[in-house]
Trainee: 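Pasting a structure below so you can have a look.
Protein chains get the first letters and strands the later ones, always in sequence-line order, with residue 1 at the start of each.
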Amino acid sequence: MSHISCLISHVSSLNRIRVRFAPSPTGPLHIGGVRTALFNYLFAKHQGGDFLLRIEDTDQSRYVPGAEAYIMEALDWCGIKIDEGPREGGPHAPYRQSERKELYAGYAQQLIDSGHAYYAFDTSEELDALRNLAESKGETFTYNNLTRAGLNNSLTLPGSACESLLSSSAPHVVRFKMPENVVVEETDLIRGHVQFNTNQLDDKVLFKSDGMPTYHLANVVDDHLMEITHVIRGEEWLPSVPLHILLYRAFGWEQTMPRFSHLPLILKPVGKGKLSKRDGDQLGFPVFPLAWKDPETGDVSRGYREDGYLPDGFINMLSLLGWNPGTEQEIFSMDQLIQSFTLDRVGKSGSRFDPEKTKWFNHQYLIRHADTELATLFVPFLQSKCLEVPFELVVRVVGLVKERCHFVHEVWDQGFFFFQSPESYDEKMVSKRWKDGVPEMMEEIAGFFATIETWNAPEIKEPFSRFVTEKGWNFGTIMNSLRLCLVGGSFGPDIFEICEIIGKKETIARIQKAIAQLPGTN
RNA sequence: GGUCUGUUCAUCUAAGGGUUAGGAUUCAAGAUUUUCAUUCUUGCCAUAGGGGUUCGAAUCCCCUACAGACUACCA
């Protein structure tokens, strides 16, 4: 590579937008996590950049088997495409922090050598005791510039004692030496100017006694190594911004430090606090994209996919939680979202999650979806009922009933009578419509239907109307009673469409079945 | 407790010093559908409170209230 092209590639790599979604595999991804991934993805793709998935599994004690596979499957289902990740690979592999373990110790050492960090030998038990003691006095214990002088660390211990502790491999951690009275300022792309005084901060553990880095170290090191340009994450990370910035400074990486953006929280639909799994269970909506079976307890949590939501509608709903295009458009395809998405239109305040609007979005996507695709999604429901139905018929039924459905599975509720004779009759309708004389009228109608040659909706409707008029019967009674015979209740599409689809023989059979089964009134 | 962040209809939100504060969801009423749903029309409903600054504040500043996050060898 020539010097110039080398320079160019360096410059372009500096300009290329790179973002990451960095979940911890401690369980299924919830709505908030999916939205964070989505906003990262939209931001990157809007500018032709890269979206990486990095698995932050530095806490072995919280590792949940299956969680990582779940995260990837969920992103796949949502249509969020990963450019680099544990499964996809990439120039900065591995993308799983547990597999990058060796790397972090060197960086921790670098910080110790430069005086930005130190060894601490205090045990968890000792620190817990100090915290409890402080709490009993109504105070809070913090490991910081005020207390570190009185604790067990390489700052207080004589060099020789420290050496021997380390060489005897006594358990220890590495802590960041938080500087005194420094104001760290940052312009968050969503929140604007934020500032923190380091006096309020503590000496965070960077490297744990089990040989693993903490989130803070691993995150900063990996974001730097992976050339991440923008960190877009949940608001809960805002308080750690000063630590992260100080870390970039300590490493001498401030020039290429990513820009920060902190997304607002997603709140419960009712009550206080952020959205949790419990809310979903109580209010009857999923909080996970995919169903999840807890490997420990065996409990199954429902998912949007399994509940019949279409991924495009789900994504559309999520995109509008905390972001808006500034226009009155509400329905967006993924491509349109990529086109329109900018961080400056992300709001600062938390959004309450509204399951009703999610349903509405699904309905919107359902009625826009091609009938053949919906039919394909619906076929499994028919199979589960052991019904063999020609695909063309399924397509036709779906087209007829989809506008009255919120979910694919509701095609059954709205159109089961196209596939089988009603098994029961709505009682209210029976008592309201099945009155004196009605069975006789239905009998006559069945006879009349038998005489009709060409069996299609318009050619049934026209002579039928004439027949009813000539008889002088009340249309409301006839139509509703006929509907009762055919579908078992007071719902469904145009009655003549139903007649056409189920066929002449079946139409007549259903009328006769109703006459036989429903109570005679005289 | 401390630090940080936020607050416009019930809900998601628009309006970036000048509009009767706009749209969507929900809800209610009416029309359509000889059914139900859809659709259409209409209605209901908001700048957290108090001080400033200004000719003029949802918008800028301060205080209060409320809400949330963080305050682990978890992320």
Trainee: Which nucleotide, B:G6, B:U13, B:U25, lies nearest any side-chain atom of A:N324?
Mentor: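 From the listed options, B:U13 comes nearest.
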Trainee: In whole Å, I'd like the distance from the CG atom of A:L267 to the P atom of B:U5.
Mentor: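 Atom-to-atom, A:L267 to B:U5, this comes out as 18 Å.
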Trainee: Without decimals, in angstroms, what is the distance between A:F285 CZ and B:U11 P?
Mentor: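 It works out to 15 Å between those atoms.
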Trainee: Can you tell me which nucleotide in B:C36, B:A69, B:G1 comes closest to the side chain of A:E236?
Mentor: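 My answer, after comparing the listed nucleotides, is B:A69.
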Trainee: Of the candidate nucleotides B:A37, B:G6, B:A69, which contains the atom at the shortest distance from the side chain of A:R404?
Mentor: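 Closest of the options to the side chain of A:R404: B:A37.
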Trainee: On RNA chain B, check which nucleotide each of A:D122 and A:L320 is closest to and give me the residue with the more 5' one.
Mentor: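 The residue mapped nearer the 5' terminus is A:L320.
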Trainee: Ignoring the backbone of A:R131, work out which of B:G23, B:U38, B:C73 is nearest its side chain.
Mentor: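 For the A:R131 side chain, the nearest candidate turns out to be B:C73.
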Trainee: Does a distance-only test, which skips hydrogens and angles, find a donor-acceptor pair under 3.5 Å between the side chain of A:K274 and the base of B:A69?
Mentor: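 Such a pair does not exist between side chain and base.
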Trainee: By the 4.0 Å heavy-atom rule, please label A:K348 as base, sugar-phosphate, or nothing.
Mentor: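 Answer is sugar-phosphate: A:K348 comes under 4.0 Å of backbone atoms only.
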Trainee: Spell out yes or no: do the side chain of A:T214 and the base of B:C73 have one donor N/O and one acceptor N/O closer than 3.5 Å?
Mentor: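 A donor-acceptor contact between them is absent.
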Trainee: From C-beta outward on A:D354, which listed nucleotide comes closest to its side chain: B:U39, B:G22, B:U11?
Mentor: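 So the side chain of A:D354 is nearest to B:U11.
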Trainee: Look at the side-chain N and O atoms of A:K359 and state whether any lies under 4.0 Å from the OP1 or OP2 oxygen of B:U26.
Mentor: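 Checking B:U26 against A:K359, no side-chain N or O comes under 4.0 Å of OP1 or OP2.
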Trainee: Considering only side-chain heavy atoms of A:T140, which listed nucleotide, B:A75, B:G1, B:U5, is closest?
Mentor: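 Ranking B:A75, B:G1, B:U5 by closest atom to the A:T140 side chain puts B:G1 first.
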Trainee: Once the angle between the rings of A:F464 and A:F449 is folded into 0 to 90°, is it parallel (under 30°), tilted (30 to 60°) or perpendicular (over 60°)?
Mentor: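 Ring orientation, 0 to 90° scale: parallel.
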Trainee: Regarding A:D222 and A:Y95, do their side chains bring together a donor and an acceptor under 3.5 Å, going by distance alone?
Mentor: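 The criterion, which ignores hydrogens and geometry beyond distance, is not satisfied for A:Y95 and A:D222.
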Trainee: With a 3.5 angstrom cut-off on both distances, give the Watson-Crick or G-U wobble partner of B:U7, or none if there isn't one.
Mentor: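 B:U7 is paired, partner B:A65.
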Trainee: Is the centre of the A:W292 ring less than 6.0 Å from the centre of the A:Y70 ring?
Mentor: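 Ring centres of A:Y70 and A:W292 closer than 6.0 Å.
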Trainee: Please report, rounded to the nearest Å, how far the P atom of B:C36 is from the CD atom of A:E497.
Mentor: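 So the CD-P distance, A:E497 to B:C36, works out to 18 Å.
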Trainee: So which nucleotide from B:C73, B:U5, B:A69 ends up closest to the side chain of A:S124?
Mentor: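 Taking heavy atoms from C-beta onward, the closest nucleotide is B:C73.
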Trainee: Would you mind pulling out the nucleotide paired to B:A28, Watson-Crick or G-U wobble, both distances under 3.5 Å?
Mentor: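 In the structure as shown, B:A28 has B:U42 as its Watson-Crick or wobble partner.
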Trainee: Select base, sugar-phosphate, or nothing to describe what A:G273 touches, counting heavy atoms under 4.0 Å on all strands.
Mentor: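 It contacts sugar-phosphate atoms only.
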Trainee: If only side-chain N and O atoms count, and only distance matters, is there a donor-acceptor pair under 3.5 Å linking A:N144 with A:D202?
Mentor: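 Distance-only check fails for A:D202 and A:N144.
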Trainee: What's the CZ-P distance between A:R352 and B:G68, to the nearest Å?
Mentor: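 Interatomic distance, CZ of A:R352 to P of B:G68: 10 Å.
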Trainee: Can you check whether A:S351 has a side-chain N or O nearer than 4.0 Å to OP1 or OP2 of B:U13?
Mentor: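 Affirmative; the distance criterion is met.
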Trainee: Would a line drawn from the ring center of A:F448 to the ring center of A:F467 be shorter than 6.0 Å?
Mentor: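 Aromatic pair counts; centres sit under 6.0 Å.
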Trainee: Can you tell me which nucleotide in B:U25, B:A69, B:U7 comes closest to the side chain of A:W360?
Mentor: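 The answer is B:U25, which lies nearest to the side chain.
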Trainee: For A:G322, report the nucleic acid contact type (base, sugar-phosphate, nothing); a contact means any heavy atom under 4.0 Å.
Mentor: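 Sugar-phosphate, no base atom in range.
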Trainee: Does the pair A:R396/A:E500 count as a salt bridge with the N-to-O cut at 4.0 Å?
Mentor: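 A salt bridge is present here (some side-chain N lies under 4.0 Å from a carboxylate O).
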Trainee: Heavy atom of residues 194-205 of chain A under 4.0 Å from RNA chain B: which residues?
Mentor: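 Listed by number, they are A:V194, A:Q195, A:F196, A:Q200, A:V205.
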Trainee: For the side chain of A:P239, counting heavy atoms from C-beta on, which of B:C70, B:C4, B:U25 is nearest?
Mentor: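 The listed nucleotide nearest to A:P239's side chain is B:C70.
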Trainee: Do other residues, nucleotides or ligands put more than 12 heavy atoms under 6.0 Å from A:E296 CD?
Mentor: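 No, because the 6.0 Å sphere around CD of A:E296 holds 12 heavy atoms or fewer from other groups.
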Trainee: Using only heavy-atom distances, determine whether the side chains of A:S421 and A:K513 contain a donor-acceptor pair under 3.5 Å.
Mentor: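 Their side chains do contain a donor-acceptor pair, which is all the 3.5 Å distance test asks for.
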